[in-house]
Asks: 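Below is a structure I'd like to ask you about.
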2 protein chains.
Amino acid sequence: MTFVISKLYNVITGIKFSLNDSLYSRDPQNTELGQRILKHSINLIDEIGLEDFTFKKLALEIESTEASMYRYFENKHQLLLFLTSWYWQWVQYLISIHTLNIDDPERRLKIIIKSIINATSENALNEYINESLLHRIIINESSKAYHTHAVDEENKHGIFSSYKELAETIARAILAINPSFPYPHSLASNMLEMAKNQVHFAQHLPRLTDIKVPKGDLSELETMMEFFVMKLVKD
Amino acid sequence: MTFVISKLYNVITGIKFSLNDSLYSRDPQNTELGQRILKHSINLIDEIGLEDFTFKKLALEIESTEASMYRYFENKHQLLLFLTSWYWQWVQYLISIHTLNIDDPERRLKIIIKSIINATSENALNEYINESLLHRIIINESSKAYHTHAVDEENKHGIFSSYKELAETIARAILAINPSFPYPHSLASNMLEMAKNQVHFAQHLPRLTDIKVPKGDLSELETMMEFFVMKLVKD
DNA sequence: TTATTAAGAATAGTAAAACTATTATCTCTA
DNA sequence: TAGAGATAATAGTTTTACTATTCTTAATAA
């Protein structure tokens, strides 16, 4: 019996990404407490927002201690960086799966758009990350990850590489359709930002958008994104 | 002599906008200390970033007290909201001047693009707001203004109306070119966001863009924005 | 001229956030 | 069974983000 419990203690379930060392003090994916930190921080940030989120509140939720949180992440900003990186790797992973045998460049790009937008509804088959809530955090909080005075320093440590690699993937797909398109990287990053912002606007500042997101249904966003991207990319 | 000093004390110089009541506790544009708060907060936020910025440091800079800062703004988030609102009203004002006698819709939209991008180089003729630094703050920090758990509450109080009115102006200009364009508001907000993000990326995460901003020269951004917008809007 | 008001300064707090350090305990593994 | 690694428990410190109160001075209105 104790054997089962002690074994359970170390079981790592589902998908796990290799993330840059600088995104944590100790990799939370590898321990039970680490996974609980991820799970509950996603719940709590979604619930009260990053500003009001503290390690003390998180520890209370988990029934652990503040000090234990600090063994995994230096501060809540690093935790946010971890969560966003994880998310972008997840999107990258979904794109690679869904475009595996697709040769038509236009179909590829459309699948990429779909993957960016619907990453939330696919299940990572790990128990500690709720992609749907994480998606909401990405929409609401992720811009804070790179809008900071420490961007350059953090960038040197490779903190943003998953985001940049995802943008590179999209840029390549754009060029596959139109090799002379002059702004593939700008369009790629703009697609990612637009996918976030337009949902946020639809939900909070509806005069800033023309789409609706009824009950989280993102199909209007997908139609619009396709319209924008295809009109721009095609000759 | 005392007369001159006491009179100087109350001189309000240059342009002044009427901003929503909820953006301050006491309108900083109306007093000497208020103007110094605006001026030095712009300098200080630009220098150390919003995260490290505190009213204590600001008071030290101004040689006033923390408590006095709180008589103008409830907290630093409200100060950020004030600065961003001021900036968007400033851009709106520039657009209205520059498009005054322009009837050709395409020329109008191009002037709008130019105004959004080059708002920084025009002088407001008031001494307490440095538009160039403020523009950098907008680029680096303004997204934090509406990415907060209190968006809905703040939106109810009309906090974001200058941004929304500016977007509405742009949307109308888009429809003037192509009345059947299906996403005028989304394109308008995306233009504003893109103008910020692409500069930020060029300066800090260059793999996310194709433009360069050498020594703050924004001409490549303008060319790209025109390309994107015109290709999308025109039939 | 004086009384009133408003602006700002000075002082002195508090509560919470954001950490850090130390020691103890517990469990797994060698 | 000893040692390593993970987590807990405890107890701090510093800084931030405020609030409250009193005092002084300047502007203004009667």
Side-chain angles (χ1 to χ4, degrees), chain A residues 1-12 24-41 44-45 48-81 144 148-150, chain B residues 1-12 24-41 44-45 48-81 144 148-150:
Chain A
M1 197 59 187
T2 43
F3 173 75
V4 177
I5 289 164
S6 67
K7 273 298 159 197
L8 258 177
Y9 179 86
N10 245 351
V11 160
I12 307 305
Y24 50 75
S25 296
R26 193 158 293 174
D27 192 338
Q29 296 175 110
N30 289 337
T31 68
E32 203 249 351
L33 180 65
Q35 298 187 354
R36 286 203 291 142
I37 288 174
L38 294 179
K39 179 176 184 168
H40 287 89
S41 64
L44 197 53
I45 292 173
I48 65 177
L50 189 68
E51 271 65 43
D52 289 344
F53 172 87
T54 68
F55 278 175
K56 196 163 200 167
K57 289 175 187 166
L58 176 62
L60 204 79
E61 195 96 337
I62 295 180
E63 287 177 322
S64 177
T65 61
E66 206 186 348
S68 298
M69 309 299 103
Y70 279 98
R71 238 173 301 102
Y72 285 87
F73 297 103
E74 283 169 33
N75 46 52
K76 71 177 174 183
H77 184 243
Q78 197 185 39
L79 170 60
L80 177 68
L81 290 170
K144 293 164 196 165
T148 164
H149 234 240
Chain B
M1 197 60 189
T2 44
F3 174 75
V4 177
I5 288 166
S6 66
K7 272 300 159 194
L8 257 177
Y9 178 86
N10 243 352
V11 162
I12 306 306
Y24 49 76
S25 296
R26 192 157 295 174
D27 193 336
Q29 296 174 110
N30 290 336
T31 67
E32 204 248 351
L33 180 66
Q35 297 187 354
R36 286 203 291 144
I37 289 175
L38 294 180
K39 180 177 182 167
H40 288 88
S41 65
L44 196 54
I45 292 173
I48 65 176
L50 189 69
E51 271 66 42
D52 290 343
F53 172 88
T54 67
F55 278 176
K56 196 164 201 168
K57 288 175 188 168
L58 177 62
L60 204 77
E61 195 96 338
I62 294 181
E63 288 177 318
S64 176
T65 62
E66 205 185 350
S68 298
M69 309 299 102
Y70 279 99
R71 240 176 295 104
Y72 285 87
F73 296 103
E74 282 170 33
N75 47 51
K76 70 177 176 184
H77 183 244
Q78 196 186 40
L79 170 59
L80 177 69
L81 290 170
K144 294 163 195 165
T148 164
H149 234 240

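The chains referred to below are lettered A, B, ... by the order of the sequence lines, with proteins before strands, and numbering in each begins at 1.
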Asks: Whole angstroms only, please: what is the CG-P distance between A:Leu33 and C:dC26?
Replies: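 Distance, rounded to whole Å: 17 Å.
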Asks: Without decimals, in angstroms, what is the distance between A:Arg26 CZ and D:dA8 C1'?
Replies: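 Rounded to whole Å, this separation is 14 Å.
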Asks: Apply side chain to side chain contact (heavy atoms under 4.5 Å, CB included) to A:Glu66 and A:Tyr70, showing your working.
Replies: CA-CA 7 Å; A:Glu66 206 186 348; A:Tyr70 279 98; 4.0 Å; yes
Asks: Is the phosphate of D:dT7 approached by A:Ser64 (side-chain N or O, under 4.0 Å from OP1 or OP2)?
Replies: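 Looking at the OP1 and OP2 atoms of D:dT7, neither is under 4.0 Å from any side-chain N or O of A:Ser64.
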Asks: Any Lys/Arg nitrogen of B:Lys144 or A:Glu51 sitting under 4.0 Å from an Asp/Glu carboxylate oxygen of the other?
Replies: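 Salt bridge flag = no for A:Glu51 with B:Lys144.
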Asks: Quick one: B:Glu63 CD to C:dG8 C1', roughly how many Å, whole number?
Replies: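 Those two atoms, CD and C1', are 15 Å apart.
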Asks: Mind checking if B:Tyr72 touches a base, just sugar-phosphate, or nothing, with heavy atoms under 4.0 Å?
Replies: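 Counting heavy atoms under 4.0 Å across all strands, the contact made by B:Tyr72 is with sugar-phosphate only.
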Asks: Rounded to whole angstroms, how far apart are CE on B:Met69 and P on D:dT19?
Replies: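 In whole Å, D:dT19 P lies 15 Å from B:Met69 CE.
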Asks: So A:Ile45 and A:Leu58, do their side chains get closer than 4.5 Å, heavy atoms only?
Replies: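 They are not in side-chain contact.
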Asks: Any non-hydrogen side-chain atom of A:Leu50 less than 4.5 Å from a side-chain atom of A:His77?
Replies: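 Sidechains of A:His77 and A:Leu50: no contact.
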Asks: Without decimals, in angstroms, what is the distance between B:Leu58 CG and D:dT16 P?
Replies: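 Result: 13 Å.
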Asks: Pairs counted as Watson-Crick or G-U wobble with both distances under 3.5 Å: what dot-bracket string results for DNA chain D, using | for bases tied to another strand?
Replies: ||||||||||||||||||||||||||||||
Asks: Take nucleotides 15-21 of chain C nucleotide by nucleotide from the 5' end and write B, S or -, depending on whether a protein heavy atom sits under 4.0 Å from the base, only from the sugar-phosphate, or from neither.
Replies: --SBBBB
Asks: State whether A:Thr65 places a side-chain N or O below 4.0 Å from either non-bridging phosphate oxygen (OP1 or OP2) of D:dA9.
Replies: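 Indeed not, no polar side-chain atom of A:Thr65 lies that close.
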Asks: Write down the distance between CZ (A:Arg71) and C1' (D:dT7), rounded to a whole number of angstrom.
Replies: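 Between C1' of D:dT7 and CZ of A:Arg71: 6 Å.
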Asks: Mind calculating the distance between CD (A:Glu32) and P (C:dT27) to the nearest angstrom?
Replies: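 Distance, rounded to whole Å: 13 Å.
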Asks: Between A:Phe73 and A:Ser25, does the side chain to side chain contact (heavy atoms under 4.5 Å, CB included) criterion hold? Intermediate values first, please.
Replies: CA-CA 5 Å; A:Phe73 297 103; A:Ser25 296; 5.8 Å; no
Asks: Hey, is the side chain of B:Thr31 poking within less than 4.0 Å of OP1 or OP2 on C:dA7, counting only N and O atoms?
Replies: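 Looking at the OP1 and OP2 atoms of C:dA7, neither is under 4.0 Å from any side-chain N or O of B:Thr31.
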Asks: Determine whether B:Arg36 and B:Glu32 satisfy the following criterion, salt bridge (Lys or Arg N to Asp or Glu O under 4.0 Å), listing intermediate values before the conclusion.
Replies: CA-CA 6 Å; B:Arg36 286 203 291 144; B:Glu32 204 248 351; 3.8 Å; yes
Asks: Using atom CG of B:Leu60 as one end and atom P of D:dA17 as the other, report the distance to the nearest whole Å.
Replies: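 About 15 Å, once rounded to whole Å.
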Asks: Can you tell me how far CE of A:Met69 sits from OG of A:Ser64, rounded to the nearest 0.5 angstrom?
Replies: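 Between A:Ser64 OG and A:Met69 CE, I get 3.5 Å after rounding to 0.5 Å.
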Asks: Under 3.5 Å, is there a donor on one side chain and an acceptor on the other for A:Thr31 and A:Tyr72?
Replies: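 A:Thr31 vs A:Tyr72: donor-acceptor pair found between side chains.
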